[in-house]
Every structure is written in C-alpha cells, then in structure tokens.
Amino acid sequence: MAFVIEQECPQCAAPLELSETDRILTCPYCDVQSCLFTPDYFRYTLPHKTVRDDIIHVPYLRFRGTVFFCDQESIGHRIVDITQTGIPLRGVPASLGFRPQAMKARFATDKTSGKFFKFTLKAADILMRAAKLSSSSNSGEIIHRAFIGETMSIMYLPVYIEDGGIYDAVLDRPIAELSGTMDDIEKLILKKAPETVSFIPTLCPKCGWTMQGEKDSVALVCRNCDTAWEAGDKKFNNIKTLISSKKADKDNVYLPFWKITARTKGIEINSFADFINATGQPLFVRDEHNSMKMNYWSPAFKIRPKMFLQLSKQFTIMQKNDFETPNPFPSQKLHPVTLPPGEAVQSLKIILASSTIMKKNVIPFLPKIGFKVEEKTLVYIPFRETGYDLINDDLGVSVNRQSLEFGRKL
C-alpha cells in the first residue's frame with residue numbers, strides 16, 4: 001500500500017498531496033507541472049509535534065515491488081513490501097510497521113530541522129534478506145534473483161536523546177536505552193542533509209512545448225515535436241521511440257514496451273538464430289535469423305508478475321519488427337510508461353530463463369551470464385479495449401485490464 005506525501009507547489013507554494021508512486025506533480029492552483037527527480041532514492045520523514053531542536057532522523061529502507069527468483073528448473077515470484085532499519089543502532093525498531101501508510105510524510109531536504117543518521121547498511125543486503133524470506137517456500141537452491149518494478153526510498157523516523165534514552169519524537173515516548181556515548185552517536189550522523197528532491201518543469205527540451213504524462217509516468221511525450229523523454233541528472237534525456245505500423249481504430253489504446261537490443265555473454269547469443277538454439281525454441285532457423293540482432297522485450301508498464309513474464313516471453317519469441325518512427329504520434333490514448341528502461345535491463349536474465357524450454361540448460365548458468373546492451377527503444381503497440389481485456393488480434397496477445405490497474409499501485 002502506497003503512502004501519502006505532503007508537498008508545496010514549487011511555483012506557487014500551494015499545499016499539495018501526492019502518492020509514493022507519483023513522479024509528475026501537477027498543481028491545480030497555478031497549473032504548473034513538474035517532474036520529480038532524485039539521483040538515488042527519494043527520501044521522506046515522518047511528521048512530529050515536538051518543538052525540540054535536537055531531532056535526529058533514523059533511516060529506514062522502504063521497498064515495495066516484485067522479486068523474481070530462479071531455482072534449478074523453475075521461475076517464481078513474490079510481491080514484497082518491507083520497511084527495514086538502515087543503521088545498526090541497538091533498540092531502534094527494526095521496522096516502521098504501518099506508520100508510513102497511516103501518516104502523511106514529507107520530503108527530507110536540507111530545510112528539514114534536525115540531523116540525519118547515515119544509512120550505513122547496504123541496501124542490497126537488506127533486499128537480499130527480504131528476497132530469501134519471500135522465496136523460502138521454494139524447495140530448490142536459488143540461482144538468481146531480480147527486483148523488478150520496485151518503489152524504493154528512504155523513510156526517516158525522528159527521534160531525540162534524553163537522560164540516556166532514545167525517544168520516539170512522533171509518539172514522544174522512550175523506545176530504547178542509549179548504547180554508547182554521544183561521541184559514538186555523532187560519528188553516525190551525516191555531515192550534511194540529504195540531497196533535496198528536484199522539480200523539473202515538464203517542458204520539451206527540443207521545442208519548449210508542455211509534455212504529456214500521467215502522475216506515475218517515468219517517461220513523457222511531446223505531441224508537438226513527436227519525441228519522448230525521461231528524467232535523468234536534473235534534465236530530460238531523449239528516448240528512441242517507435243510505433244506499430246498497423247493501423248489502429250480511434251478507440252484503441254497503445255501499450256508501451258521496451259525493446260532491448262543486447263548481446264549475451266556466458267551463453268553466446270548475438271542473433272535471433274543463437275536465441276532459438278540456446279533456448280530450444282520449436283522454430284526452424286532461417287537464413288535471415290542469423291542476421292537479426294537479438295531483441296529482448298519487456299512491458300514498459302508495471303503489471304502483475306505472472307503477466308509480466310508472459311508478455312516478455314511472447315514478445316521476445318515473436319521478435320516483431322514492423323515499426324516506424326512516430327511522425328506524428330498517434331492520436332489514440334498512450335498508456336503511461338511506469339517501468340523505467342533500467343529495470344527492463346535488470347529483467348533480461350529472467351526473460352531469458354522464462355523463454356527457455358529446457359530450464360536446466362540455461363538457469364544454472366545465469367550467475368555467469370552478462371549482457372552488453374546496444375540500444376533501448378520504447379515501442380508503442382495498439383490494443384483494442386473489451387470489457388475485461390486489451391487485445392491485439394494480429395499478435396494474438398491479450399492483457400487483463402485489472403492487472404494493468406493493479407500494476408499502477410505497485
């Protein structure tokens with residue numbers, strides 16, 4: 001379950017609220033739209049009512065997303081939602097429990113009163129422990145894990161120290177005895193506050209037009225110059241984009257997919273012919289397959305893990321290439337891009353394993369397999385809407401609408 005963040009409009013300072021998964025902030029008062037950006041994690045702090053000026057913020061890693069894992073012959077998945085302390089401070093609660101969902105947080109910035117403890121534990125280690133618990137029901141040895149479609153952030157719990165004890169500043173009550181001296185505590189404190197979240201105006205870098213996207217979009221579209229962009233390093237970076245060449249009805253919806261062109265090392269896959277042979281596909285290898293670059297496909301939107309695997313496998317095996325440069329973008333609805341390209345790249349091993357007929361021929365080698373990504377392309381494909389599904393009749397692919405809505409809440 002996502003939590004709510006209170007924030008002022010960067011333009012007019014009007015009070016606003018946004019969800020944990022929101023990446024586009026639109027002010028209903030001044031109508032200014034901004035894209036939220038941070039170089040690593042979004043950082044939030046829980047509210048407190050104390051007037052003390054010696055508050056110290058304790059960091060917790062917040063993770064919500066899907067963990068995929070492979071044993072010797074199968075692929076499993078779990079949806080994980082954890083909040084785990086990121087500092088070895090004795091007596092501090094290991095988790096924040098339901099507090100993030102029950103309270104309205106705020107961004108932690110250089111203007112937040114108090115000091116901040118360093119996040120000293122490794123985020124990867126915390127996630128690995130959570131992944132082991134999530135896959136504990138699997139009887140085989142876990143060969144590979146991947147975290148896909150996650151929302152990861154740092155949540156701070158405000159505390160203060162008094163009379164040899166650590167006090168929860170939210171509830172204003174003691175939670176632990178202080179172990180060590182204040183000098184020991186000072187060594188754990190950051191020398192400066194966390195980096196402030198950036199608000200980037202959603203103006204097209206190419207033509208200056210206002211770009212379009214929904215609140216959870218990680219990519220924005222400019223319909224004036226027909227380009228797509230993603231936020232990075234406090235600016236927008238262009239995304240290569242293609243559109244299906246098939247004509248779509250006016251009420252169709254275009255779903256976005258990532259086409260990742262990559263060479264595979266460990267198991268040599270440099271062409272579609274190599275992929276057919278390595279994964280044991282029941283396909284006849286034609287001459288043109290030897291010259292086809294290998295493209296791995298992933299949904300560019302969050303969706304239930306079972307459907308994510310199914311779509312990735314179907315599109316990767318089909319290797320569709322009948323696309324054209326958007327000139328212009330179609331007038332039909334474009335489903336928001338909610339899965340960034342970096343996470344699509346992280347899913348390549350899972351996609352390869354899922355596409356393999358004889359799992360034991362590929363999964364044991366996953367730790368040694370690597371990918372050299374040559375190109376990342378955003379591809380829009382039309383689907384017609386029915387009561388319960390979105391269907392592409394040419395490809396024989398359907399997507400459950402409830403799974404799409406569920407994915408936007410991950």
Side-chain angles (χ1 to χ4, degrees), residues 1-2 20-21 23 40-42 61-71 74-82 84 123-135 137-138 142-153 216-219 230 239 255-262 264 295-317 335-356 359 362-363 366-367 369-371 373 376-379 399-400 402-410:
M1 181 178 177
E20 175 188 14
T21 56
R23 293 297 175 262
D40 47 16
Y41 307 115
F42 286 99
L61 179 71
R62 160 76 169 168
F63 173 90
R64 190 161 58 92
T66 302
V67 179
F68 291 91
F69 47 89
C70 302
D71 64 13
S74 64
I75 302 171
H77 47 76
R78 296 285 188 278
I79 295 176
V80 176
D81 190 335
I82 63 168
Q84 182 72 43
D125 292 340
I126 295 175
L127 292 181
M128 193 57 66
R129 288 199 298 270
K132 288 180 179 178
L133 291 175
S134 69
S135 56
S137 62
N138 196 297
I142 302 302
I143 304 296
H144 174 69
R145 293 182 179 88
F147 304 91
I148 309 297
E150 78 266 19
T151 299
M152 192 155 60
S153 56
D216 53 349
S217 299
V218 297
E230 66 171 332
I239 303 172
L255 294 184
F257 292 82
W258 291 113
K259 186 179 75 166
I260 310 296
T261 305
T264 309
N295 299 313
Y296 295 89
W297 286 76
S298 161
F301 48 89
K302 296 180 182 180
I303 196 167
R304 290 183 183 275
K306 183 178 180 180
M307 182 61 69
F308 179 90
L309 289 176
Q310 180 180 327
L311 290 173
S312 299
K313 176 181 176 180
Q314 282 182 285
F315 277 86
T316 298
I317 293 174
H335 187 81
V337 177
T338 57
L339 188 84
E343 293 191 31
V345 172
Q346 292 176 32
S347 69
L348 293 184
K349 287 187 180 183
I350 294 295
I351 295 172
L352 176 61
S354 177
S355 303
T356 301
K359 307 297 185 190
V362 169
I363 290 181
L366 288 180
I369 289 177
F371 297 89
V373 176
K376 293 175 283 189
T377 307
L378 181 63
V379 181
V399 179
N400 183 267
Q402 288 188 344
S403 290
L404 275 178
E405 290 303 314
F406 175 83
R408 297 186 69 175
K409 298 175 183 177
L410 280 175

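Note that the coordinates shown come from a computational prediction; the quantities given were computed from them, not determined experimentally. Just so it is clear, the values below take in all heavy atoms, side chains as well, and ignore hydrogens, waters and symmetry mates.
Checked by atom type and distance alone, the side chain of S298 never pairs as donor or acceptor with a backbone atom of S312 at under 3.5 Å. Not a single donor-acceptor pair under 3.5 Å links the side chain of W258 to the backbone N or O of E343. Remark: the backbone N or O of L366 is paired with a side-chain donor or acceptor of K349 at under 3.5 angstrom. Counting only distance, with no hydrogens or angles, the side chain of T316 and the backbone of K313 share no donor-acceptor pair below 3.5 Å.
Side-chain contact between R62 and D81 is present, with heavy atoms from C-beta onward closer than 4.5 Å. Taking 4.5 Å as the limit, every side-chain heavy atom of R408 sits out of range of all side-chain heavy atoms of T21. Two residues are said to be in side-chain contact when any heavy atoms from C-beta on lie closer than 4.5 Å; L404 and L255 meet this criterion. No side-chain heavy atom of I260 sits under 4.5 Å from any side-chain heavy atom of F371.
For the residue pair I75 and I350, the shortest heavy atom distance occurs at CD1-O, 4.1 Å. For the residue pair P256 and L378, the shortest heavy atom distance occurs at CB-CD1, 3.9 Å. T338 approaches F301 most closely through the heavy-atom pair OG1-CA, 3.2 Å. When all heavy atoms of R23 and E20 are compared, the closest pair comes out as NH1-O, 3.1 Å. Minimum heavy-atom separation, I363 to A353: CG1-CB, 3.9 Å. For V373 against A262, the heavy-atom pair with the smallest separation is CA-CB, 4.0 Å.
Between F315 and the choices F257, F308, Y296, the ring-ring contact (aromatic ring centres under 6.0 Å, His included) rule is met once, by F257. Of the candidates I148, D216, V337, T151, K302 forms a side chain to side chain contact (heavy atoms under 4.5 Å, CB included) with just one, namely T151.
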Discussion item. Go through it in stages, so that I can follow the logic: the residues are M152 and L61, the test is side chain to side chain contact (heavy atoms under 4.5 Å, CB included), and I'd like the CA-CA distance, side-chain angles, deciding distance and then a yes or no.
Written reply: CA-CA 7 Å; M152 192 155 60; L61 179 71; 3.7 Å; yes

Practice prompt. Determine, step by step, whether F147 and F68 satisfy the ring pair (Phe, Tyr, Trp, His ring centres under 6.0 Å) criterion, reporting the C-alpha distance in whole Å, the side-chain angles of both residues, the deciding distance to 0.1 Å, and the verdict.
Written response: CA-CA 6 Å; F147 304 91; F68 291 91; 9.9 Å; no

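A distance of 10.5 Å separates CD of E405 from CD1 of I303, quoted to the nearest 0.5 Å. Taking CH2 of W297 as the start and OG of S347 as the end, the distance is 13.5 Å to the nearest 0.5 Å. In this structure, the separation between OG on S354 and NZ on K359 is 5.0 Å, given to the nearest 0.5 Å. Distance CZ/R145 to CZ/F69: 8.0 Å, rounded to 0.5 Å. A distance of 10.5 Å separates NE2 of H77 from CZ of R304, quoted to the nearest 0.5 Å. Atoms CD1 and CG, from I142 and D71 in turn, are 5.5 Å apart once rounded to the nearest 0.5 Å.
In this structure, Q314 places its CD atom where more than 12 heavy-atom neighbours from other residues, nucleotides or ligands lie under 6.0 Å away.
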